[in-house]
Amino acid sequence: MPDTFEVKIESLAYGGDGLGRLPDGRVTFVPYTIPGERVKIRLVEDKPKFSRAQLLEVLESSPGRVEPRCQHFYTCGGCHYQHMDYAAQVEAKKMILQEQLERIGGLHNLPQIDVVPAPVAWNYRNSIQFHLTQDGRLGFQKARSNQTFVIVECYLPEAGINLLWPQIELEPIAGLERVSIRQGIDEELMIILESNDAAEVDFSIENLPVSIVQAGQSGFTVLAGSIHVMMAVLDRQFHVSAGSFFQVNSLQAQAMVQHLLGHLPLEKEMTVLDAYSGVGLFSAFLALKVKRLVGIEVSPQACEDFTINLDEFDHVELYEAPVEQVLASVNFHPDVVVLDPPRAGLGSKVVEGVLAQGAKRLAYVSCDPATLARDSQQLLAGGYQLNNLTLFDMFPQTYHVETVALMSRVKE
C-alpha cells in the first residue's frame, strides 16, 4: 500500500486535525488542514482503524485559509488554527462542540449553540507557561512531542508578558522545569519558577518591578516582590496567588460572568453553590444577588484568595475540600449550582452529589467538550434538561473550547 495519498478533508476533529478518508475508507487525521480542502498527504502512523498523516501539499485550498502569523506555527504545539481566518476558527469550534455532544454524550435535539467570539484574537493571554531547553533557554514543546525548542516570538500573551520574557536569561539549573509569567492590572508582572525542591534558584530581573516566586513540591518561596498579583474583571479586583488558577482571557471571563448574571434566575432569598470556586471569580458577583453563597475548592492557595476576595460578605461560606466529599456529606438545599471543573470534568461521584443536592438550576462551565458531553449525559439522565449552550472562544488560534451549559430540573 502506498504511503502518499490525495484526500478530501471532511471536518475538523477535536484536537486540531482535519479528518479525511483513505481509499479503503479509514479515517486519517491531517494537521493544518481545513474542511473542504483537497490535500496531498503522507502517512506517518498507520493503524488498522485509522491513520495519521503529514500534510505535503494543499491542492485545493479553502477560502478560509490564511498565512500563519507566527514563524513557529508549524513546529509549535501551542497553536492549531493560525492557518484559518478567525471566522472559520469560530465556526469550526461550534461544529466540534455539537459533534462531541452528539457522539460522546448521545445528546440530540440540542438547543441552538450561541457563540461569543473573542473581542481580540491575538495577545489575549494574561498568563503563559514556558518550558526550558537543556541550556536554560525559554521555549515551547513541539507539536505531538515533549521536545522543547527555543522561541523568538509568540502572539498569544498580553503585551507586558511579551516585553518581559525575552529578557529572561537562566543558567541551566537542575530541577528547574518550567517558567510561567502572569500579568495583572497596571501591567503588574509575576514570574513563577516551577521546580522540584532540590533546585537552588538565584534569579532576579534588573530594574523591573517584577515579582518572582519559586514553586516547589513543598510550597512557594517569594524571591522578589509579592506572592500575588491583582487581576480585574468588570471593574472588580481579585487577589490571585502564584499557585491559584485564574481564567487566562480576562475579556472572555468578563463575558462569562455577564452571561451567568443575565441567564440565571437569581433572587435575594436564594442559595447558590459554587463548586470548584477557585479564587471566587463567579462567587464575587453571584454573592451580590443572593441570600447565601457556598464555595467549594480543594486548592489551599485558591481558598486563601477566595477568603480575601469575598471578605466583604457575611453570607458567604467556603469549604476547603474535594467537591465530591462536600456534596456527599452536606445538603445545602441550593436553588442554583455553578460548576467549573478542570479539564477532567465532574466524574460520576460529583454528578451523583449534584443530583442529590436537587437544585432547580445548574450552570456547567466546561473547558473540554468531551467531558462536558459525558457529564451532561448523566445529568440529563438524572432529571435535568439542557436549556442553553453558549460557546465562549476563550482561546483563539487553538482548538480549545470553553462552553457554558445551562440546565434546569424537570423531575423531582
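In this chain, residues are counted from 1 in sequence order. Computed from a prediction, not measured in an experiment: that's the story for all the values here.
When every heavy atom of Tyr384 is checked against every heavy atom of Gly358, the shortest pair comes out as OH-C, 3.9 Å. Minimum interatomic distance between Pro322 and Val298 (heavy atoms only, all atoms of both residues): N-CG2, 3.9 Å. Ser277 and Leu318 make their closest contact through OG-CD1, 3.9 Å (heavy atoms, listed as atom of the first residue, atom of the second, distance). Residues Ile104 and Ala370 share a closest heavy-atom pair of CD1-CB, 3.7 Å. Closest approach of Leu264 and Leu286 over heavy atoms only: CD1-CD2, 4.4 Å. Between Ile41 and Ala53 the shortest heavy-atom distance is CD1-CB, 3.7 Å.
Using a 3.5 Å distance cut-off with no hydrogens or angles, the side chains of Asp368 and Ser366 do not pair a donor with an acceptor. Residues Asp335 and Thr271 have side chains that never bring a donor and an acceptor to within less than 3.5 angstrom of each other. Under 3.5 Å, the side chains of Glu187 and Gln183 contain no donor-acceptor pair of N or O atoms. For the residue pair Asp393/Tyr86, the side-chain donor-acceptor check at 3.5 Å is satisfied. Defined by atom type and a distance below 3.5 Å, a donor-acceptor pair is present between the side-chain atoms of Gln214 and Ser195. A donor-acceptor contact under 3.5 angstrom links the side chains of Gln129 and Glu194, judged on distance only. Side-chain contact, Tyr364 with Asp375: a donor N or O sits under 3.5 Å from an acceptor N or O. With no hydrogens or angles considered, a side-chain donor-acceptor pair links Gln385 and Ser408 at under 3.5 Å. Using modelled atom types, one finds a donor on one side chain and an acceptor on the other under 3.5 Å when comparing Gln397 with Gln89. Counting only N and O atoms by type, the side chains of Asn309 and His239 include no donor and acceptor under 3.5 Å apart. Judged by distance alone, the side chains of His400 and Thr398 never bring a donor and an acceptor atom under 3.5 Å apart. Side-chain contact check for Ser283 and Asp274: at least one donor-acceptor pair (N or O, by modelled atom type) lies under 3.5 Å.
Listed for the Asn388 side chain is no donor-acceptor partner under 3.5 Å among the backbone atoms of Ala405. Counting only distance, with no hydrogens or angles, the side chain of Glu99 and the backbone of Lys94 share no donor-acceptor pair below 3.5 Å. Using a distance-only test at 3.5 Å, with no hydrogens or angles considered, no donor-acceptor pair links the side chain of Ser241 to the main chain of Ser244. Checked by atom type and distance alone, the side chain of Glu297 never pairs as donor or acceptor with a backbone atom of Ala275 at under 3.5 Å. Put simply, the side chain of Glu158 never gets that close to the backbone of Asn123: no donor and acceptor are under 3.5 Å apart. In this structure a side-chain-to-backbone donor-acceptor pair under 3.5 Å is present from Ser376 to Leu372. At distances below 3.5 Å, not a single donor-acceptor pair connects side-chain atoms of Ser211 with backbone N or O atoms of Gly225. Proximity of a side-chain donor or acceptor of Thr307 to a complementary backbone N or O of Cys303 within less than 3.5 Å is detected. The main-chain N or O of Leu132 is never found under 3.5 Å from a side-chain atom of Arg178 such that the two would form a donor-acceptor pair. Proximity of a side-chain donor or acceptor of Gln82 to a complementary backbone N or O of Cys70 within less than 3.5 Å is detected.
The residues Lys40 and Glu57 are annotated as not salt-bridged, no charged nitrogen and carboxylate oxygen being separated by less than 4.0 angstrom. A salt bridge links Glu6 and Arg38; the closest N-O separation between the charged side-chain nitrogens and carboxylate oxygens is under 4.0 Å. Under 4.0 Å is where a charged nitrogen must lie from a carboxylate oxygen, and between Lys8 and Glu37 no such pair does. With respect to the salt-bridge test (charged N to carboxylate O, under 4.0 angstrom), the residues Arg52 and Asp17 qualify. In summary, Lys291 and Glu267 do not engage in a salt bridge, as defined by a charged side-chain N under 4.0 Å from a carboxylate O.
Val337 has its side chain out of reach of Arg361: every pair of non-hydrogen atoms, C-beta onward, lies at least 4.5 Å apart. Considering only heavy atoms from C-beta on, Trp122 stays 4.5 Å or farther from Pro396 through its side chain. Residues Phe246 and Asp305 have side chains not in contact (no heavy-atom distance under 4.5 Å, counting atoms from C-beta outward).
Rounding to the nearest 0.5 Å places CD1 of Ile192 at 9.5 Å from CD1 of Ile181. The structure places CG of Asn109 at 9.0 Å from CD of Glu102, a figure rounded to the nearest 0.5 Å.
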For this session: Please step through side chain to side chain donor-acceptor pair (under 3.5 Å) for the pair Asn249 and Gln247, ending with a clear verdict.
Result: CA-CA 6 Å; Asn249 188 326; Gln247 296 286 357; over 6 Å; no
Exercise. Can Ser250 and Asn126 be said to form a side chain to side chain donor-acceptor pair (under 3.5 Å), step by step?
Worked result: CA-CA 7 Å; Ser250 298; Asn126 58 40; 2.9 Å; yes
For this session: Please lay out, stage by stage, how Phe73 and Tyr155 fare under the test ring-ring contact (aromatic ring centres under 6.0 Å, His included).
Result: CA-CA 10 Å; Phe73 174 61; Tyr155 293 97; over 10 Å; no
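When Val272, Leu362, Leu260, Leu273 are each tested for a side chain to side chain contact (heavy atoms under 4.5 Å, CB included) with Val336, only one passes: Val272. Each of Val30, Thr4, Leu22 was evaluated against Leu43; a single residue qualifies, Leu22, per the side chain to side chain contact (heavy atoms under 4.5 Å, CB included) test.
Under a cutoff of 6.0 Å and an axis angle of 45°, Arg26 and Phe50 do not form a cation-pi pair.
Using cut-offs of 30° and 60° for the angle between ring planes, the Tyr399 and His80 rings count as tilted. Under the 30°/60° scheme for interplanar angles, the aromatic rings of Phe238 and Phe285 are found to be tilted.
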